[in-house]
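Just the heavy atoms: all of them, side chains too, but no hydrogens, waters or symmetry mates, feed the values below. Order of the sequence lines sets the chain letters (A, B, ...), proteins ahead of strands, with each chain counted from 1.
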Protein chains: 2
Amino acid sequence: MVRAIERLPKRQRQQQLSRLIVDNPFIADRELSRMLKVSIQTIRLDRLELGIPEQRERLKLMAERSYDAVRSLPLDEVIGDIIDLQLDRSGISMFEIREEHVFSRTGIARGHHVFAQANSLAVAVINDEIALTASADIRFIRSVKLGEKCIAKGYVRSISGGRSKAKVEVFTYVGEEMVFQGSFIIYRSAGEASVERGIEDADRD
Amino acid sequence: MVRAIERLPKRQRQQQLSRLIVDNPFIADRELSRMLKVSIQTIRLDRLELGIPEQRERLKLMAERSYDAVRSLPLDEVIGDIIDLQLDRSGISMFEIREEHVFSRTGIARGHHVFAQANSLAVAVINDEIALTASADIRFIRSVKLGEKCIAKGYVRSISGGRSKAKVEVFTYVGEEMVFQGSFIIYRSAGEASVERGIEDADRD
DNA sequence: ACGCATTTATTACCTGGTCCCAATTCAGTA
DNA sequence: TACTGAATTGGGACCAGGTAATAAATGCGT
């Protein structure tokens, strides 16, 4: 039996539903029911089956993620997903090159995205409230292309200058191949609450 | 007149209220009324006077901010607005530091945005279909803060290696003050692609 | 004692849901 | 064709966390 185009079978509708919610977490059931042309109850049953929380919960989760980051470590302000982190020692992050990261003509990632991943990792691995990049020496060893997964590994090499500076080396790989290498000097606030601030005495907010 | 510690005068209570909400935006009026030992209506009047939105709105705003932040770097083709460009010679770009570019705790811009502006400019100034960053040596001279406008000036210093490499220096200013300095080696297609390898010498500090 | 600000209480209403139960529709099969 | 089970829809009760508006109570200074 040929289905009307309007109404999709359950499976496909649920897939659509997930997609819609993923790329607009702010959407409410009412709107979804209009878009998928089913009743609001169906939408709710679908969410239930798919384990998708209600809109408010979704926003709350997003807010929490970005908030926790502020409180502890800027984990959310990081480009790439931190998949391992040993503070003051090392860390690993993963970043997948997608459409929006590449030059559309060539499919090659723009350098600053690869840098951003490495920089974020270098900052994240430093166990401090305030950690800022002071300088960096970087090499793009080979270009990274659409779809490739960049695994960045960061190592804290030294903690010098009365704990106010740290050197972090980051190596980014696609598979076995090294694609990026960077040596970062990170300023830290040196200690728990105060003492030396990173760069020249930044103002507090 | 010595006030009871329990009940503060309006002004102080409202100050407290702001503080409480700032460092826990998730808190609801009910809880606030318990903490400040006033009725829930008073809390609501206070919020009204202070222009503090309800909890749900707060969470929504946070979610929006973090959502925008994730999109902001990836979506832009070029970071910063190119306001002057002489191909193969020099270029100027402007980039304003907004909420989504800073560490929310400190209001200091994340390094990779400043880098991204400079990198984008360095690539843009190279008059070629394919231009990729091969390496860079960068210094963050002072931290850049929320609201500041970064003016990046890029100069093509040399075109060497049979037109396959170019050195571009970028200086970024806030007002008169230099905040960032970078030396970029950019690979260009120089006739045909084959833009694969980058590094040859590994000098690190 | 009066008056004004402040505080509290009350009620109606809103959004965006949950939970539960019943009715309906649809498609395939005995 | 009638039956069955899944899918869909509808409705009601309830919830949190509010807004809005109006009224009543409480301070407190003069």
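- Base engagement by B:Q41 is indicated by at least one non-hydrogen atom pair under 4.0 Å involving a base atom.
- Judged by a 6.0 Å distance limit and a 45° cone about the ring axis, B:K153 is positioned over the six-membered ring of B:Y173.
- Residue A:K60 contributes atom NZ, which lies 14 Å from atom C1' of C:dG17 at whole-angstrom precision.
- Between A:S39 and the phosphate of D:dT8, there is no side-chain N or O to OP1/OP2 separation shorter than 4.0 Å.
- Contacts of B:R58 with the nucleic acid, taken as non-hydrogen atoms under 4.0 Å apart, are absent.
- Rounded to an integer number of Å, the gap from A:L45 CG to C:dC21 C1' is 13 Å.
- C:dG16 atom P lies 10 Å from atom CD of B:E57, rounded to whole Å.
- For A:L17 and D:dT8, the CG to C1' distance is 15 Å, given to the nearest whole Å.
- Ion pair B:R47/B:E57 not flagged as a salt bridge, since none of the NZ, NE, NH1 or NH2 atoms sits closer than 4.0 Å to an Asp/Glu carboxylate oxygen.
- The CD1-C1' distance, from B:I43 to D:dA20, rounds to 18 Å in whole Å.
- To the nearest angstrom, C1' of C:dT8 lies 12 Å from CD1 of B:I40.
- B:L48 comes within 4.0 angstrom of no nucleic acid atom, judged by non-hydrogen atoms across all strands.
- Within the structure, every side-chain polar atom (N or O) of B:R13 is placed at least 4.0 Å from both OP1 and OP2 of C:dT6.
- Side-chain contact between A:I21 and A:L32 is present, with at least one heavy-atom pair separated by less than 4.5 Å.
- The nearest heavy atom of DNA chain C to A:Q55 and to B:T42 marks one nucleotide each, and the one closer to the 5' end goes with B:T42.
- Side-chain N/O atoms of B:R47 include one lying less than 4.0 angstrom from OP1 or OP2 on D:dT19.
- No hydrogens or angles were tested; on distance alone, a donor-acceptor pair under 3.5 Å links the side chain of A:R56 to the base of C:dG16.
- Summarising the geometry, atom CD1 belonging to A:I130 is positioned 9.5 Å from atom OG belonging to B:S143; distances are rounded to the nearest 0.5 Å.
- Here the P atom of nucleotide C:dC4 and the NZ atom of B:K10 are 16 Å apart, to the nearest Å.
- Remark: B:R30 is not in phosphate contact with D:dG18, judged by side-chain N or O atoms under 4.0 Å from OP1 or OP2.
- A:D29 has its CG atom 4 Å from the P atom of C:dG17, to the nearest Å.
- Considering every non-hydrogen atom in both A:L61 and A:P53, the closest pair reads CD1-CG, 4.5 Å.
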